[in-house]
Each structure stands twice: as C-alpha cells, then as structure tokens.
Amino acid sequence: MQRQPEMAEIEIYDVIIIGGGPAGLTAGIYAKRAALKAVLIEKGVPGGQVAITKGVENYPGFIDIGGFELSDKFFQHAKCYDLETIREEVVAIEPGIDFHSVRLSSGELLNAHSIIMAAGGTSRRLNVAGEIENFGKGVSYCATCDGFFFRDKIVCVVGGGDTALEDALYLAKITRHVYLIHRRDEFRASRILQQRIAADPNIETILNTVVTEIKANEQGVCGVCLKNLQTSEDKDLEVDGVFIFVGFSPNSALVPRGIKTSTTGYVLTDESCETAIPGIFAAGDLRQNYAKQIVIAASEGCIAALAAARYVESRKPVGKHSAIERETAR
Ligand code: NAP
C-alpha cells in the first residue's frame with residue numbers, strides 16, 4: 001500500500017494566485033512584499049483583458065498608456081519581487097482542511113494555505129462576421145477605455161442592458177452621433193437610463209434590430225449590416241466604431257462548490273475579499289463589485305493578498321508574524 005505523505009513532506013505555498021491580470025499581479029506584488037511563498041498561474045499572456053486593450057486613460061498616474069504597456073509594467077513590477085509564475089491552465093480548485101489544492105492541465109497538483117482567484121471575466125461576443133478581426137480597429141467592448149478614440153465620430157452601441165445604455169450616454173458626450181441598436185422593442189435597462197437615452201438628442205435608437213456583420217476598410221470599421229427582426233428588412237449603416245455590450249461573463253468555471261456566487265456567477269466575498277471557504281479569496285472582475293475597472297481590480301488584488309497573508313500567518317507558529325503587520329501598518 002502506498003504511504004500517504006506527511007504534511008511536513010508536502011510542498012505548500014502560502015498563496016497560489018490564479019490569473020495574471022491587474023488583480024492577480026497586484027496580489028502577487030503584495031504577497032511577495034509580505035514575504036509569502038507565492039506563485040501566480042496564468043494560462044495566457046500576463047495582463048488579462050488590459051493587455052488586449054488599445055489604450056488606457058483612466059489608470060491614475062498614466063494620462064495615456066497602451067494596454068499592453070501597462071500590463072507589462074504590472075508584470076515587471078511583480079517580477080522585480082521574484083514572483084514565481086507558471087504559464088499553464090488551472091483545471092480545478094480543490095478545497096481542503098489543512099491546505100487547498102490547485103490542479104494544472106498537466107495533472108500536477110499544487111498545494112497552498114490560501115488561494116486568490118483572479119481569473120477575471122470576458123465580454124460576451126456578438127459572434128458576427130468582422131467582429132473578432134476588427135477588435136481594436138473600431139470594435140470595442142469598453143466605452144471608458146476606447147470612447148475617447150472616437151471623438152467627433154459616428155458610433156453604434158449594441159445591447160439593451162444597463163451597460164449599453166450607460167455607455168451610450170457616455171459616448172454621446174464624446175462622439176458626433178450614437179446609434180443604439182437593440183434586438184427587442186424594449187430595453188432591459190433601468191427606467192432612469194431609458195429616460196435619459198430618450199432625452200439625449202445625440203442618441204438615435206434602432207429597435208427590433210440585430211447587427212449581422214461588421215464591415216471594415218484599411219482604416220478600420222466603416223459600417224454595420226443590420227436586420228430588422230420584425231420586417232426582415234436588411235440595411236447598411238455607416239459607423240466608425242461598434243461598441244458591443246451584450247453582457248459580461250465572469251470566468252467562474254473554476255469556482256469550487258461551497259463558494260457563494262450571485263445569480264450571474266460573480267463570486268460573493270466579505271470586505272477582505274474572502275469567500276465562504278476560509279483561505280480562498282476572489283479579486284477583480286470575477287468578484288461581485290461595483291464596477292469593472294483596472295484600478296478596482298488592482299485594489300482588490302491588494303486587499304486579497306493582505307488578507308491572505310493575515311490568514312496564512314494566523315496558521316503559523318507564534319514568532320513568525322511580522323512582514324504582513326509591517327505592510328498593513330504602512
Ligand atoms: P445584461 O443586463 O445581461 O444585458 C445584455 C443586453 O444585451 C440585453 O439587452 C440583451 O438583450 C442583449 N443581448 C444579449 N445577447 C445579445 C445578442 N447576441 N445580440 C444582441 N443583443 C444581445 O448585461 P449588462 O448590461 O452588461 O449588465 C450586466 C449586469 O450588470 C446587470 O445586472 C446590470 O443591471 C448590471 N449593471 C448595473 C449598472 C448600474 O447599476 N449602474 C451598470 C452596468 C451594469 P435582451 O434584453 O433582449 O436579452
């Protein structure tokens with residue numbers, strides 16, 4: 001019979017961070033500053049959604065910075081503390097009593113006293129021709145990030161929820177004209193937003209209509225093909241940009257049972273970002289929070305790492321406390 005390894009024989013990290021976006025990388029910086037044995041696992045390029053954003057103009061300290069450049073700065077900052085990183089996919093989180101485990105696609109199992117889930121989320125796609133090809137060339141999923149690039153231009157917004165209407169109002173202040181295209185004859189968004197949309201002379205609403213194709217030339221997006229679902233009539237519309245807000249899905253596939261989530265899949269935590277399972281934290285776009293912004297993801301990464309450090313230290317023998325107390329006191 002195979003002998004079970006003793007606790008002392010198992011390599012146990014203090015914290016495993018899943019996700020290399022602003023939340024995960026900030027958690028990595030704070031974890032290393034708190035002298036934790038930490039590893040960050042990211043299946044793609046570091047930076048998450050930010051790395052594929054054209055420009056960022058609302059991260060404090062940077063008036064205008066490329067999304068890739070900003071995420072690389074986060075990565076380099078984490079690396080300067082020697083944060084260990086693994087480029088692989090996590091396939092499962094297995095909560096335990098003495099420690100938690102993370103299973104990688106290779107089959108390897110990593111153990112840790114605490115886990116920070118920072119896997120982010122993904123804007124839902126329309127799945128029409130021209131959408132993926134023109135991402136960053138006129139197709140956007142973030143008005144706050146990209147709206148400024150469409151000053152005095154004509155754009156369309158697709159969707160009928162709060163995000164679509166809020167962002168149409170935001171874009172109406174910057175752009176020359178906004179078409180708001182929705183597939184039904186009534187919006188899902190709140191009444192107050194609907195009233196503001198109706199009162200805004202710069203917004204033209206097109207209902208019962210879907211975008212069937214996004215067209216582009218060498219300069220980028222130049223128009224959309226529309227279909228009226230009631231009359232089946234097809235129509236072309238000239239636009240310089242297409243903002244798609246048809247929902248956002250948290251990357252919650254890994255969230256283990258026992259952790260509470262909202263009806264839409266966002267992880268519910270307390271104010272220290274700790275979930276219903278002690279030692280497992282969530283930060284950034286995966287977490288139920290007020291807004292999906294880089295600065296918020298980064299701040300939640302900080303909170304989760306400090307709270308994880310406190311959790312880890314509380315499980316260690318007396319006399320080992322110090323780094324986290326110094327860090328939180330600053
Ligand atoms: P959402 O409420 O899920 O709305 C998505 C919209 O996209 C719906 O109008 C839907 O149409 C439409 N849609 C979905 N798939 C489509 C497709 N393939 N083609 C065309 N249209 C499609 O998403 P959200 O607006 O991102 O909001 C997500 C959550 O955050 C909501 O609970 C929302 O209330 C909340 N939120 C709140 C605020 C705020 O309180 N200030 C701001 C933003 C978001 P149908 O209506 O026909 O289904």
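In what follows, every heavy atom counts, from backbone to side chain, and hydrogens, waters and symmetry copies are set aside.
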Is the backbone N or O of [Y] less than 3.5 Å from a side-chain atom of [X], with the two atoms forming a donor-acceptor pair by type?
X    : Y    : value
R176 : D152 : yes
K153 : T175 : no
T275 : I280 : yes
D14  : K37  : yes
E274 : D270 : no
S71  : F68  : yes

- request: Answer with yes or no after comparing the ring centroid distance for H77 and F75 against a 6.0 Å cut-off, counting only values under it.
  value: no
message: Looking only at the aromatic ring of each residue, does the gap between the centers of H182 and F187 stay below 6.0 angstrom?
response: yes
- prompt: Between F150 and F243, how do the two ring planes meet: parallel, tilted or perpendicular, split at 30° and 60°?
  reply: perpendicular
task: Give me the ring orientation class for Y141 and F135: parallel if the planes are under 30° apart, tilted from 30 to 60°, perpendicular past 60°.
output: tilted
message: Quick check on K73: does its NZ atom have over 12 non-hydrogen neighbours (other residues, nucleotides or ligands) under 6.0 Å away?
response: no
query: So with a 6.0 Å cut-off around CD of E238, is the heavy-atom count from everything else above 12?
result: no
If you compare all heavy atoms of [X] against all heavy atoms of [Y], which two are closest, and at what distance to 0.1 Å?
X    : Y    : value
A143 : D167 : CB-OD2, 3.3 Å
A38  : K32  : CB-CD, 4.3 Å
V312 : S114 : CG2-OG, 3.7 Å
L229 : R183 : CD1-O, 3.6 Å
Q293 : N58  : OE1-ND2, 3.2 Å

If we ignore angles and hydrogens, is there a donor and acceptor under 3.5 Å between the side chains of [X] and [Y]?
X    : Y    : answer
R33  : Y81  : yes
E11  : N111 : no
K235 : T209 : no
E84  : Y13  : yes
T122 : N251 : yes

With a 4.0 Å cut-off, would you call [X] and [Y] a salt bridge?
X    : Y    : result
R103 : E94  : yes
K215 : D236 : yes
R287 : E300 : yes

Nearest 0.5 Å, what's the [atom1]-[atom2] distance between [X] and [Y]?
X    : Y    : atom1 : atom2 : result
I116 : I18  : CD1   : CD1   : 10.0 Å
Q194 : E186 : CD    : CD    : 8.0 Å
L126 : I214 : CG    : CD1   : 6.0 Å

task: Could you walk me through whether H100 and I277 pass the side-chain contact (heavy atoms from CB on, under 4.5 Å) test, one step at a time?
output: CA-CA 10 Å; H100 304 299; I277 299 180; 3.9 Å; yes
query: Can you check salt bridge (Lys or Arg N to Asp or Glu O under 4.0 Å) on K43 and E88, steps first, answer last?
result: CA-CA 4 Å; K43 67 176 171 184; E88 206 176 322; over 6 Å; no
- request: Could you tell me whether the side chain of V210 reaches within less than 4.5 Å of the side chain of T212, counting heavy atoms only?
  value: yes
task: Indicate, with yes or no, if I259 and F281 share a hydrophobic cluster defined by side-chain heavy-atom contacts under 4.5 Å among Ile, Leu, Val, Met, Phe, Trp and Tyr.
output: no
